[in-house]
Structure formats: C-alpha cells, structure tokens
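Report on one structure; see the data block that follows.
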Amino acid sequence: MSNRTTLTQFLLLGFSDIWELQILHFVVFLVIYLAALMGNLLIITAVALDHHLHTPMYFFLVNLSIIDLGSISVTIPKSMVNSLINSSSISYAGCVTQVFFLIFLMGADFSLLTIMAYDRYVAICQPLHYESVMNWRACVQMAVSAWISGILYSALHTGKTFAVTFCGGNMVDQFFCEIPQLLKLACSDLYLSEIGALIFSACIVLSCFVFIIVSYVQIFNTVLRIPSEQGRHKAFSTCLPHLIVVSLFVCTGIFAYLKPTSSSASGLDLVVAVLYSVVPPMMNPVIYSMRNKEIKSSLRRLSWGRLFTKNYFSVFLE
C-alpha cells in the first residue's frame with residue numbers, strides 16, 4: 001500500500017480490542033442511533049401532519065431533522081457493524097463516500113443553524129416585518145441555499161483530500177473517515193492545499209458564528225425589555241437551546257479539524273469526534289422539540305406518537 005492507486009481499504013480505530021467492550025460499544029451506539037432516529041422522525045411526522053406547525057421555524061426544523069438523520073447515519077452504523085463482526089476495515093470508496101456525505105451534511109447543518117438564528121432574530125426583534133421577510137418563497141430559497149452550499153463545500157474538501165497520495169499506511173486514528181486523520185497518511189505536498197482550504201472554511205464558520213452571536217445579543221436585549229415574564233421565558237427557552245447546539249457544534253468541529261494532529265491515536269480526538277458528529281443529531285430533537293409545547297401537543301394528537309413519547313421520551317416531557 002505504498003500509494004493511493006494501490007490503496008483499496010482503510011482501517012478505522014476501534015474502541016477496544018476486548019470482545020465484551022466491543023459489544024458494549026455496539027449497544028451504546030445502537031441506543032444513541034435509535035434515539036436520534038426516532039426523535040427526528042417524530043419531529044418530521046408531527047410537522048408534516050399538523051397544519052398548525054406549518055410555519056418558517058418548523059420548516060427549518062424539519063430540514064435540520066433530515067440533516068441530522070443523514071449525518072448520524074453516515075458514521076454510527078459502520079462503526080456498529082465493525083464492532084459486531086470484530087472488524088475495522090472500510091473500503092476506499094466507502095471512505096470517500098463517508099467523507100463526502102459527512103462534510104456535506106455538516107456544512108448544510110451549520111448553514112441551516114445560521115438561517116434559524118436569523119429567523120429567530122426577525123421573529124423577536126422585528127415581529128411586524130416577520131411575515132414579509134420570512135415568506136415561504138424566501139424560506140425555500142434559504143433552505144435550498146443551505147443544501148447547495150453543503151454540496152459545494154463537501155465537493156471541494158473531498159476532492160482535495162483524496163487527490164493526495166497516501167503512503168503513511170492505511171490506519172485512520174478515528175472511528176470514521178475524518179479528514180485530519182486522513183491527511184496524516186498523506187506523503188505529497190498536495191495536502192497543504194486542503195489544510196489551506198480547511199483554514200479558509202474555519203474563517204467562514206467563525207464569521208457565521210459571530211453573526212449568530214450578534215443576532216442573539218440583539219435577541220436577548222429585546223427579550224429583556226418584554227414586560228411579561230412568560231414572554232421572556234418563552235423567548236429564552238426557544239433561543240438558548242439553539243445557541244448551545246451551535247456553540248457545541250462549532251467549538252468541537254473547529255478543534256477537531258484545525259488542531260495539530262498527533263502521530264498516535266488520542267482519547268481526546270475520539271471524544272471530540274463524538275461531540276460534533278454524534279451528540280448534536282441525538283440532542284436536537286430533545287432540546288428543540290421535546291420541551292416545545294406545540295410539538296408535544298401535536299405528538300399527543302397522534303395515537304402512536306402518544307404511546308412512544310410516554311414510554312421513550314417521558315423524562316423530557318414532564
């Protein structure tokens with residue numbers, strides 16, 4: 001496996017060489033995956049079937065749920081299967097596919113989070129202009145732009161990453177194909193262009209993050225002037241979870257992709273990867289919707305949704 005042309009597979013990092021711990025890893029990831037799957041599917045179904053939820057905020061929330069379903073499906077199932085069959089391999093084509101879809105969905109995810117911050121800013125700070133600014137045509141255009149930007153962003157990084165020659169072995173020090181870990185295996189100077197692209201992308205992400213922070217500063221200033229305590233509570237309960245998710249996603253993602261990579265596997269790298277790739281898709285349904293009265297009311301109107309929420313998400317609905 002001296003170069004890229006003869007490299008047919010990569011070896012992913014396992015959580016443990018002990019069979020019992022591999023099974024534990026499989027069970028934990030299975031629970032997380034099912035929670036994310038069911039939570040996001042409930043949101044999509046509730047919004048689709050309840051016309052009261054056909055508003056811009058829930059339209060963007062459905063898009064976010066679709067992205068979350070995709071992003072968690074890119075990484076977790078392969079890791080689960082490898083643990084179950086005591087394997088660590090992923091084909092070269094599978095690794096390319098994993099990188100493309102993960103970056104595509106992460107890019108679309110962050111674009112959508114930025115749009116959702118703008119939606120909340122207009123709704124709270126400029127309520128009289130909300131219907132004209134956030135009309136359905138504008139909402140569809142913003143959602144489509146988020147998806148397209150994710151595709152273009154992913155095509156750029158995937159192309160640059162796999163244009164390099166790999167001669168540093170085929171062991172990827174991560175439980176999925178992650179660009180920084182792949183670049184550790186590069187032996188040509190071409191990888192420097194991808195590092196430059198990552199730095200440029202980080203600047204764009206930080207600019208969007210600053211926009212989100214500024215938006216929330218304006219939102220909080222407006223909320224604090226609301227005379228009704230109930231109104232302030234509702235506004236804060238809507239905005240704070242969004243800000244928490246964005247902060248977790250941005251901070252861990254930038255740390256993972258811009259920090260200097262070590263020559264050996266790091267437990268910190270593994271934890272950070274879980275925080276930005278696994279935790280947000282699982283937690284988004286909880287912090288965005290399971291404590292949202294409108295979503296809960298809609299789910300309770302669905303007979304199967306009532307049964308599921310009582311048994312599975314009862315801790316979040318109380």
Side-chain angles (χ1 to χ4, degrees), residues 1-33 70-106 154 157-195 197-198 252-253 255-279 281:
M1 295 185 184
S2 59
N3 56 48
R4 183 174 65 87
T5 59
T6 60
L7 193 63
T8 59
Q9 68 175 10
F10 292 96
L11 300 178
L12 300 176
L13 181 67
F15 282 83
S16 175
D17 294 327
I18 303 173
W19 171 245
E20 289 78 7
L21 293 179
Q22 289 178 348
I23 295 300
L24 178 62
H25 158 238
F26 172 82
V27 172
V28 171
F29 266 29
L30 178 63
V31 171
I32 291 173
Y33 185 62
S71 62
I72 201 168
S73 296
V74 169
T75 57
I76 281 189
K78 179 59 179 176
S79 182
M80 288 167 51
V81 170
N82 280 355
S83 291
L84 197 60
I85 65 176
N86 195 24
S87 172
S88 61
S89 65
I90 182 172
S91 67
Y92 185 91
C95 190
V96 174
T97 302
Q98 201 172 60
V99 168
F100 177 82
F101 279 103
L102 183 62
I103 299 301
F104 157 46
L105 293 166
M106 285 176 56
S154 180
H157 288 290
T158 305
K160 285 184 174 294
T161 298
F162 289 95
V164 305
T165 300
F166 297 108
C167 62
N170 67 338
M171 182 66 197
V172 180
D173 292 329
Q174 192 54 270
F175 70 95
F176 60 91
C177 287
E178 186 182 56
I179 289 179
Q181 301 302 330
L182 288 169
L183 293 181
K184 287 167 55 177
L185 308 178
C187 59
S188 68
D189 292 337
L190 290 174
Y191 80 94
L192 294 175
S193 64
E194 170 57 13
I195 292 177
L198 287 175
T252 55
F255 180 83
Y257 280 78
L258 290 188
K259 86 172 189 66
T261 55
S262 58
S263 58
S264 59
S266 167
L268 180 61
D269 291 337
L270 197 62
V271 171
V272 169
V274 170
L275 287 177
Y276 80 78
S277 67
V278 176
V279 172

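The model shown is predicted, which means the values in this text are computed figures rather than measured ones.
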Worksheet item: Does the Ser154 side chain pair with the main chain of Ile103, one donor and one acceptor, at a distance under 3.5 Å?
Response: no
Worksheet entry | Sidechain-backbone polar pair: Lys78 side chain, Ser89 backbone, donor-acceptor under 3.5 Å | yes
Find out whether [X] and [Y] are in side-chain contact, i.e. whether some heavy atom of one side chain is under 4.5 Å from a heavy atom of the other.
X      : Y      : value
Met171 : Ser88  : no
Val164 : Leu182 : no
Gln9   : Asn170 : yes

What are the two closest non-hydrogen atoms of [X] and [Y], and how far apart are they?
X      : Y      : result
Gly169 : Leu185 : O-CD1, 3.7 Å
Pro281 : Ile72  : CB-CB, 3.9 Å
Ala256 : Pro180 : O-CG, 3.5 Å
His157 : Ile179 : CB-CD1, 3.9 Å
Ala186 : Phe166 : N-CD2, 4.1 Å

Output the distance between atom [atom1] ([X]) and atom [atom2] ([Y]), rounded to the nearest 0.5 Å.
X      : Y      : atom1 : atom2 : result
Lys160 : Leu183 : NZ    : CG    : 11.5 Å
Ile85  : Met80  : CD1   : CE    : 12.0 Å
Leu198 : Thr161 : CG    : OG1   : 7.0 Å
Leu21  : Phe26  : CG    : CZ    : 15.0 Å
Cys177 : Phe10  : SG    : CZ    : 6.5 Å

Worksheet, complete the sentence: Which of Val278, Leu12, Asn82 passes side chain to side chain contact (heavy atoms under 4.5 Å, CB included) with Phe175? Answer is Val278
Discussion item. Check this for me: Phe101, atom CZ, are more than 12 non-hydrogen atoms of other residues, nucleotides or ligands nearer than 6.0 Å?
Written reply: no
Practice prompt. Indicate whether any N or O donor in one side chain lies under 3.5 Å from an N or O acceptor in the other, for Gln174 and Asp269.
Written response: no
Worksheet item: Can Tyr33 and Ser73 be said to form a side chain to side chain contact (heavy atoms under 4.5 Å, CB included), step by step?
Response: CA-CA 8 Å; Tyr33 185 62; Ser73 296; 2.9 Å; yes
Practice prompt. Give the intermediate values and the outcome of ring-ring contact (aromatic ring centres under 6.0 Å, His included) for residues Tyr276 and Phe255.
Written response: CA-CA 10 Å; Tyr276 80 78; Phe255 180 83; over 10 Å; no
Worksheet entry | side chain to side chain contact (heavy atoms under 4.5 Å, CB included) between Ile90 and Leu11, worked out | CA-CA 6 Å; Ile90 182 172; Leu11 300 178; over 6 Å; no
Item to complete: Could you go through the side chain to side chain contact (heavy atoms under 4.5 Å, CB included) check for Val279 and Val274 one step at a time?
Response: CA-CA 6 Å; Val279 172; Val274 170; 4.2 Å; yes
Discussion item. If you apply the rule side chain to side chain contact (heavy atoms under 4.5 Å, CB included), what do you find for Phe104 with Thr158, and how did you get there?
Written reply: CA-CA 9 Å; Phe104 157 46; Thr158 305; over 6 Å; no
